[in-house]
Each structure stands twice: as C-alpha cells, then as structure tokens.
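Attaching a single structure in structure tokens format; questions to follow.
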Amino acid sequence: MLEDQWTMSDKPDEGDETSILVQTRPKTKRPPLYKVLLLNDDYTPMEFVVHVLERFFGMTHAQAFEIMLIVHKKGVAVVGVFSHEIAETKVGQVMDFARRHQHPLQCTMEREE
Ligand code: TYC
C-alpha cells in the first residue's frame with residue numbers, strides 16, 4: 001500500500017520553505033502610557049490641591065500653584081504621564097489622601113493614544 005507515503009515534492013509543509021513565517025519587523029511594541037488627570041470641584045481648598053501636586057507629583061510650589069490654577073479655570077488638567085501601574089498608584093494615593101481629609105477632589109487616569 002503506497003497510500004500513506006509522500007514524496008519530498010508533494011508532502012505539504014516539508015521539503016521546501018513555503019511555510020516559514022518571516023518576521024519583517026521586530027515586535028518591540030512599547031507598553032501604553034497613561035495620563036493622570038486632576039478634576040476641578042467647588043469645595044477642595046486651593047492650598048490642598050497645591051499640596052497634593054507637590055507631594056505626589058514632585059512639583060515645586062510654583063509649578064503646583066500654576067497647574068492648580070489651570071485645573072481651577074479649565075476644569076481638568078494632565079498632571080503626569082506614567083506606566084499603567086504607576087498611574088494607578090498615583091490615582092489611588094490622591095483619592096485616598098483627599099478622602100482622608102474629607103475633600104471631594106477627583107483624580108482619574110486615561111490611556112494615552
Ligand atoms: N475650585 C477649587 C476652589 O475654588 C480649587 C480646586 C482646584 C479644586 C483644582 C480642585 O483639582 C482642583 N476652592
């Protein structure tokens with residue numbers, strides 16, 4: 001019985017290179033970055049927001065005051081861009097700190113395109 005036998009030229013995926021997948025680009029896709037956003041509200045004291053920006057985002061007092069005013073006037077601002085893990089940690093720190101001081105300050109994160 002010759003039914004189960006193949007020659008080199010007619011057996012699929014052997015004897016030639018037709019099934020080799022060629023990697024044309026190195027697949028080194030960078031992990032996505034996340035923007036951390038601070039939202040305005042009517043009740044959180046300005047000085048508290050300035051303190052949050054100094055404490056958790058490493059800003060000088062002048063930088064923090066400037067960003068706080070942008071949030072106050074525009075409603076929202078990006079206060080930093082981080083890996084997913086770091087952004088999550090920052091949001092958690094800010095939300096926890098605000099809650100402990102009974103301020104309604106909101107901080108969120110958003111994937112950067
Ligand atoms: N709007 C607040 C006030 O007038 C100040 C404020 C600024 C609150 C920025 C939140 O993310 C914020 N006291």
Side-chain angles (χ1 to χ4, degrees):
M1 286 297 161
L2 293 174
E3 274 172 348
D4 292 336
Q5 293 184 1
W6 296 90
T7 67
M8 202 55 134
S9 57
D10 63 8
K11 183 171 180 179
D13 294 336
E14 250 180 60
D16 59 40
E17 258 111 276
T18 56
S19 63
I20 292 174
L21 298 176
V22 178
Q23 190 76 53
T24 54
R25 272 182 314 170
K27 51 176 173 190
T28 54
K29 221 169 33 166
R30 296 168 282 115
L33 292 173
Y34 290 79
K35 299 181 285 191
V36 171
L37 308 166
L38 202 60
L39 278 62
N40 188 39
D41 66 73
D42 292 338
Y43 306 103
T44 305
M46 290 185 172
E47 273 311 320
F48 183 82
V49 178
V50 170
H51 180 68
V52 162
L53 293 172
E54 292 172 328
R55 181 177 181 130
F56 298 114
F57 298 92
M59 297 184 194
T60 66
H61 190 79
Q63 286 170 335
F65 199 90
E66 193 180 336
I67 301 296
M68 180 281 296
L69 275 186
I70 292 170
V71 179
H72 176 70
K73 289 174 184 165
K74 300 208 165 219
V76 62
V78 175
V79 298
V81 178
F82 307 97
S83 69
H84 187 272
E85 189 177 2
I86 301 291
E88 251 182 5
T89 300
K90 300 284 181 191
V91 169
Q93 287 172 329
V94 172
M95 294 299 285
D96 187 56
F97 193 64
R99 197 174 333 108
R100 272 159 41 213
H101 289 83
Q102 300 187 302
H103 296 311
L105 182 64
Q106 294 293 304
C107 185
T108 60
M109 59 193 275
E110 184 176 286
R111 196 180 151 148
E112 195 181 60
E113 32 266 287

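From a predicted model like this one, the values you see are computed outputs, not experimental measurements. Numbers here are sequence positions counted from 1. Note that ligands are numbered from 1 as they come in the structure, with each ligand's atoms numbered from 1 the same way.
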query = Are E110 and L37 close enough that some pair of their side-chain heavy atoms sits under 4.5 Å apart?
reply = yes

Separation between CZ (F56) and CG (L38), nearest 0.5 Å, reads 11.5 Å

Q. Taking T44 for the side chain and L105 for the main chain, is one N or O donor matched with an acceptor at less than 3.5 Å?
A. yes

Need the list: ligand 1 N/O atoms against protein N/O atoms, distance under 3.5 Å, rounded to one decimal.
| residue | atom | partner | partner atom | Å |
| --- | --- | --- | --- | --- |
| ligand 1 | 1 (N) | N40 | OD1 | 2.8 |
| ligand 1 | 1 (N) | D41 | O | 2.7 |
| ligand 1 | 1 (N) | H72 | ND1 | 2.9 |
| ligand 1 | 4 (O) | H72 | ND1 | 3.4 |
| ligand 1 | 11 (O) | L39 | O | 2.8 |
| ligand 1 | 13 (N) | T44 | O | 2.9 |

Sorted by chain and residue number, the salt bridge (charged side-chain N to carboxylate O under 4.0 Å, His left out) partners of E47 (sequence neighbours excluded) come out as none

Looking only at heavy atoms, the pair that brings M68 and L53 closest together is N-CD1, 3.9 Å

Practice item. Take E112 and K35 through the salt bridge (charged side-chain N to carboxylate O under 4.0 Å, His left out) test and state the conclusion after the steps. Key: CA-CA 6 Å; E112 195 181 60; K35 299 181 285 191; over 6 Å; no

